[in-house]
Engineer: 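Have a look at the structure that comes next, please.
In what follows, every chain begins at residue 1, and chains take the letters A, B, ... in the order their sequences are listed. What you see is a predicted model; the values in this text were computed from it and never measured.
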Amino acid sequence: MSYDHQSIKDKVDSFHKNANDFYVDTSKEGKNKFYSLAMFPYPSGNAHMGHVRVYTLSDVKARYKKLKGSDVLHPMGWDSFGLPAENAAIKNKVRPDLWTEENIKKMKYEQLNIAGWSFDWDKELNTSSPDYYKWTQWLFLEMHKAGLAYRKEDYVNWCDVDKTVLANEQVINGCCWRDGSVVEKRLMEQWFFKITDYCDKLWDGISKLKNWAPEAVSVQKNWINKNTGTEIHFDVPEFGEKIEAFTTRPDTLFGVTALVIAPEHPLAQKILAKKPNKEVEEYVTASLKKSAVERMQNKEKSGVNTGVKCRHPYDSECKYPEVDVWIGDYVIADYGTGAVMCVPAHDTRDFEFAKKFGIDILEVVSQANGKPTDLEEAYTENGVMINSGEFNGMKNREAIKAITESLTKINKGKGTTTYQLKDWSVGRQRYWGCPIPMIHCDSCGVVPVPEADLPVKLPEAKDSDMEDGALNLRNFPEFVNTKCPKCHNDAKRETDTLDTFLCSSWYAFRYLDNRNDEKIFESKNVNNFMPIDFYVGGLEHAAQHMIYFRFITKFLHDRGYINFDEPVDHFFCNGMVRMGGHKMSKSRGNVVVPTEAIEKHGADAVRMYILSDTPAELDIDWEDTGIKAKYDFVKKNYNAIEAFLTEHKDVKEDKGDLSKYPNKEFLFNYYSTVKEYEQSMEQNLFHKGVANIHAFSNFILKELQQSKKEGTAESIASLKFLVKDFLSMAGLITPFFTEVLLKEFFAVESLYKQSFPAVEEKFLVQSTVNVVVQINGKKKTLLNVDKEITEEEVERLAFESPEVTRGVDGKNVVKKIYVKGKIYNIVVK
RNA sequence: GCCGCAGUGGUGAAAUUGGUAGACACGCUAGACUUAGGAUCUAGUGCUUCGGCGUGGGGGUUCAAGUCCCUCCUGCGGCACCA
């Protein structure tokens, strides 16, 4: 029967109807484990081409490892808490839980089951289901027990469109990551996770991320951003305290002509309280109102002199023993100490600030050529110390160390490190999320919900709740009002829900024991299969999700639940699927819907196409000619192979003695391509894998033709055997037509459970080799010679060739280099 | 500004890690065949003045460089008033 992708799909569906071929027993001990994971989807109800790409990648890798004999885990689940469900509720008056449930059904049974993805659905999980979020709550309580979940009043990122607080990681260029609206700073009391306690571990762990996409490693580095420097104390006698300034350039200490603190710095409020001053007050108020975007866009320096003085640590030696304390919003409150020493001569920002406000400029690091002190701009290069008391004459690089040591001795400072990473704000003022298992009691304070009472379930939303602004746990009295677990008096539940990034920071663990209702997971299972061997997802998750995932892993490690401290061995960042050079979007009208593409071209062609031509890390541009070509390829191969197998139905496939196989070149091609294909799969060069399949097809189909004329009973049996192995290998990429042929003509139990053929090295040995003859490294001719040929013989043949004769004519042969069986290079002058 | 990645035919790209640059495809050209099919098959396809020349530019190391080193240019991504 001629190729018809629809009937092939129907057949494959019927093969897998009853059994879960892709099941793996995660409690089974053993060594040969492979965990292939693609980031789980938000159940929007519509799978898009991006999903097709990611899940095909994790699938091909999973199938490959299975063929190579590993126990493979390739699970799937739902990242189902979050805003779209609430927005749908408000718009269409559908309960968020029901809306989510509908979408999951739709995606699971109509979209994620049509592309041949080998998901083990036995491991399915859903972050918004109480048996999952019970353990998200448990994790919160563990954090709380460890002192890592805490409340504080702080300036937080407020998104007024989503009516919720956002984590720093969710603010991109000062705007909300979801809707792009400008984020405000609001002083609020909020739940935080003390991820900053893990800065060192997260930073040091970066060196272990050898198999991560380099871009993703770079994102991790930039985000945590460790900086080594010195903390220097400036006494403020009037207030009986000191300002700690962080700097990476302690060598410029003697050039300090002012001190600048951030408007949010605690001292600012103290100054206002003690020495009320309208100008200062107005400046502070105005600065606090400014959004991050305003601060970012307007880099014009602003500030105000408080008139408060502070003392230089070396006040007896330096030119400016006492300097003014300024408030300036170019100083960032939550980086370093929120205070900087202002050294205009050697810092571009301080220079601008000083120029604008007439602050003195004192050069302390001179250029080697001793240029004058009348600086046009800040001098930020290295040099020799001047105007710096006892440190004069030193190289400034040495002075950095010397001054830090000296400060430590006189107890006026110390070497320190600082990080850009901030504590993780985890509370969200939203309904559709995991409730924070805490209770506020007037007499006992904030009390954790006892573990036995978990999960704290979300109340069911009624139609009247589903109004804009009303869908909030505050408005559910039956949820809010409770008893204090300690004193049993009336108390109120916490009404914030958890950031959905917490839900997704531990799902990979839960897949290994998704039905456990006694504990979060069985450690044995997790230790057995993790770290994840192959984790596929977009680079956009390299900051938020991957930071949190690493943090939670390190936390669970420190609490003794797991024996590894990095969750992902290989993080593979796939590129986007675009069309016409743009991201697919409804408004642009350049959307290819996966279900439609698969219906039209068949899943084999779609899978093959989405992997072909371009490395999976890069963006691809969807082209109709490309997908059509893959359809044609699948059709051609199915038809040719089916015809061959039908003709030789009665011949039992038999490898036999391949050394008697008539076409040695075919065997050479076959096994060298097996070798290349294996490498492509090992190294995740899936586009090369597709090219290898093309190469296979090119010589196999030719050989099938040839066998019609010259085939013997023996050679047909061998060829049939080789075709069977080819189908198993190609089945990684095109699992539909290959499985049908394997079932119908070879009665295999399942494509998934085949094995990868071993490379027969003996057929890769050839009796002749091509030796390239070069003159001065430029190729002149090619000699096809016996592999064991001597150097003398090569030399004779080379010099006999007209190209060499012409090339050396009238020149001196200086040197001859022979690389056995490869290169013969003649050097002439 | 700092960090990371990349630059190869008309296009997507490959190159066993220093040893025949352009595998495998798309597109294009010519031809064949036609039971008009999502046709298929065959041949060709870096440039060339047929000597050669060619991997963003310039320099270097080497018998030999797309690959290593220096330098510059361009594009993409991340961070960014980070002290």
Engineer: Is Arg806(A) close enough to rG52(B) that one of its side-chain N or O atoms is under 4.0 Å from OP1 or OP2 there?
Structural biologist: yes
Engineer: Over all strands shown, is Lys630(A) touching base, sugar-phosphate only, or nothing at heavy-atom distances under 4.0 angstrom?
Structural biologist: sugar-phosphate
Engineer: For rA25(B), give the paired nucleotide (Watson-Crick: N1-N3 plus N6-O4 or O6-N4; G-U: N1-O2 and O6-N3; both under 3.5 Å), or none.
Structural biologist: rU11(B)
Engineer: Base, sugar-phosphate, or nothing for Asn770(A), non-hydrogen atoms under 4.0 angstrom?
Structural biologist: base
Engineer: Compare every heavy atom of Trp212(A) with every heavy atom of Met546(A), then report the nearest pair and how far apart it is.
Structural biologist: CE-CH2, 3.4 Å
Engineer: What is the nucleic acid contact for Glu676(A), judged by heavy atoms within less than 4.0 Å: base, sugar-phosphate only, or nothing?
Structural biologist: nothing
Engineer: Who is the Watson-Crick or G-U wobble partner of rC76(B), with both distances under 3.5 Å?
Structural biologist: rG4(B)
Engineer: When you compare the side chains of Tyr419(A) and Thr196(A), does any donor N or O come within less than 3.5 Å of an acceptor on the partner?
Structural biologist: no
Engineer: Rounding to a whole Å, what distance do you find between Glu596(A):CD and rG38(B):P?
Structural biologist: 20 Å
Engineer: Is the number of heavy atoms from other residues, nucleotides or ligands within 6.0 Å of NZ (Lys356(A)) greater than 12?
Structural biologist: yes
Engineer: If you measure from the C1' atom in rG44(B) to the same atom in rG10(B), how many Å do you get, rounded?
Structural biologist: 16 Å
Engineer: Is the Phe254(A) to Tyr320(A) ring centre distance short of 6.0 Å?
Structural biologist: no
Engineer: Looking at rG66(B), which nucleotide sits across from it as a Watson-Crick or G-U wobble partner, both distances under 3.5 angstrom, or is there none?
Structural biologist: none
Engineer: Identify which nucleotide among rA83(B), rG12(B), rG54(B) has an atom closest to any side-chain atom of Thr614(A), counting heavy atoms from C-beta outward.
Structural biologist: rG12(B)
Engineer: At 4.0 Å (heavy atoms only), tell me whether Leu539(A) reaches a base, stays on the sugar-phosphate, or touches nothing.
Structural biologist: sugar-phosphate
Engineer: Which of the following nucleotides, rA80(B), rA25(B), rA83(B), is nearest to the side chain of Asp613(A)?
Structural biologist: rA25(B)
Engineer: Expressed in whole Å, how much space separates the C1' atoms belonging to rA14(B) and rC41(B)?
Structural biologist: 27 Å
Engineer: Does any nucleotide pair with rC41(B) by Watson-Crick or G-U wobble geometry, both distances under 3.5 Å, and what is it?
Structural biologist: rG31(B)
Engineer: Give a yes or no on whether Lys290(A) atom NZ has more than 12 heavy-atom contacts from other residues, nucleotides or ligands under 6.0 Å away.
Structural biologist: yes
Engineer: Looking at His601(A) and rG38(B), is any side-chain donor or acceptor paired with a base atom of the opposite kind under 3.5 Å?
Structural biologist: yes
Engineer: Please tell me if Asn698(A) has a side-chain N or O lying less than 4.0 Å from either OP1 or OP2 of rA23(B).
Structural biologist: no
Engineer: Select one nucleotide: of rC3(B), rA21(B), rG54(B), the one nearest the side-chain heavy atoms of Lys779(A).
Structural biologist: rA21(B)
Engineer: If the test is ring-ring contact (aromatic ring centres under 6.0 Å, His included), which one of Phe726(A), Phe696(A), Tyr677(A) qualifies with Tyr670(A)?
Structural biologist: Phe696(A)
Engineer: Tell me: CE of Met608(A) to P of rC26(B), nearest whole Å?
Structural biologist: 10 Å
Engineer: Among the nucleotides rG37(B), rG78(B), rC81(B), which one has an atom lying closest to any side-chain atom of Lys635(A)?
Structural biologist: rG37(B)
Engineer: rG1(B) P sits how many Å from Asp350(A) CG, rounded?
Structural biologist: 19 Å
Engineer: Looking only at N and O atoms, is any donor in the side chain of Lys688(A) or the base of rC24(B) less than 3.5 Å from an acceptor on the other one?
Structural biologist: no
Engineer: Does the side chain of Lys815(A) get closer than 4.0 angstrom to OP1 or OP2 of rC63(B) through an N or O atom?
Structural biologist: yes
Engineer: Measuring centre to centre across the rings, with the benzene-like ring taken for any Trp, is His694(A) within less than 6.0 Å of Phe633(A)?
Structural biologist: yes
Engineer: Between rC5(B), rG19(B), rA14(B), which nucleotide has the shortest distance from any of its atoms to the side chain of Pro214(A)?
Structural biologist: rC5(B)
Engineer: Hey, is Tyr335(A) stacking on rA83(B)? Ring centres under 5.5 Å, planes under 30°.
Structural biologist: no
Engineer: Can you find a donor-acceptor pair, distance only, under 3.5 Å between Asn825(A) side chain and rC63(B) base?
Structural biologist: yes
Engineer: Please report the distance, rounded to the nearest Å, between CG in Asn639(A) and C1' in rC41(B).
Structural biologist: 15 Å
Engineer: For rA15(B) versus rA23(B), give the span between their P atoms, rounded off to a whole number of Å.
Structural biologist: 12 Å
Engineer: With the side chain of Lys301(A) defined as its heavy atoms from C-beta on, choose the nearest nucleotide among rA25(B), rC81(B), rA39(B).
Structural biologist: rC81(B)
Engineer: Would you indicate whether Glu665(A), at its atom CD, is surrounded by more than 12 heavy atoms from other residues, nucleotides or ligands within a distance under 6.0 Å?
Structural biologist: no
Engineer: When the distance from CD of Gln6(A) to P of rG38(B) is rounded to whole Å, what number comes out?
Structural biologist: 16 Å
Engineer: Would you mind classifying the nucleic acid contact of Val331(A) as base, sugar-phosphate or nothing, using non-hydrogen atoms under 4.0 angstrom?
Structural biologist: base
Engineer: If the P atom of rC81(B) is compared with that of rU17(B), how far apart are they to the nearest Å?
Structural biologist: 45 Å
Engineer: Considering only atom P, compute the distance from rG54(B) to rA64(B) and round it to an integer number of Å.
Structural biologist: 15 Å
Engineer: Heavy atoms under 4.0 Å, any strand shown: does Ser612(A) hit a base, just sugar-phosphate, or nothing?
Structural biologist: nothing
Engineer: Please report the distance separating the C1' of rA80(B) from the corresponding atom of rC2(B), rounded so that it comes out in whole Å.
Structural biologist: 8 Å
Engineer: Report which part of the nucleic acid Leu618(A) touches: base, sugar-phosphate, or nothing (heavy-atom distance under 4.0 Å, all strands).
Structural biologist: sugar-phosphate
Engineer: Check the chi torsion on rG51(B) and let me know: syn if it falls within 90° of 0, anti if not.
Structural biologist: syn
Engineer: Whole angstroms only, please: what is the CD-P distance between Glu169(A) and rA80(B)?
Structural biologist: 11 Å
Engineer: Between rC81(B), rA83(B), rU20(B), which nucleotide gets closest to the side-chain atoms of Thr248(A)?
Structural biologist: rA83(B)
Engineer: Taking the C1' atom in each of rG9(B) and rA25(B), what is the distance between them to the nearest angstrom?
Structural biologist: 14 Å
Engineer: For Asn227(A) and Tyr335(A), does a side-chain donor sit closer than 3.5 Å to a side-chain acceptor?
Structural biologist: yes
Engineer: May I have the distance from Tyr609(A) (atom OH) to rG38(B) (atom C1'), rounded to whole angstrom?
Structural biologist: 16 Å
Engineer: Looking at rA80(B), I'd like to know if its phosphate oxygens (OP1 or OP2) sit under 4.0 Å from a side-chain N or O belonging to Asn222(A).
Structural biologist: no
Engineer: When you compare rA65(B) with rG60(B), how far apart are their C1' atoms, in angstrom units rounded to a whole number?
Structural biologist: 11 Å
Engineer: Return the value, rounded to whole Å, for the distance between atom CZ of Phe668(A) and atom C1' of rU16(B).
Structural biologist: 12 Å
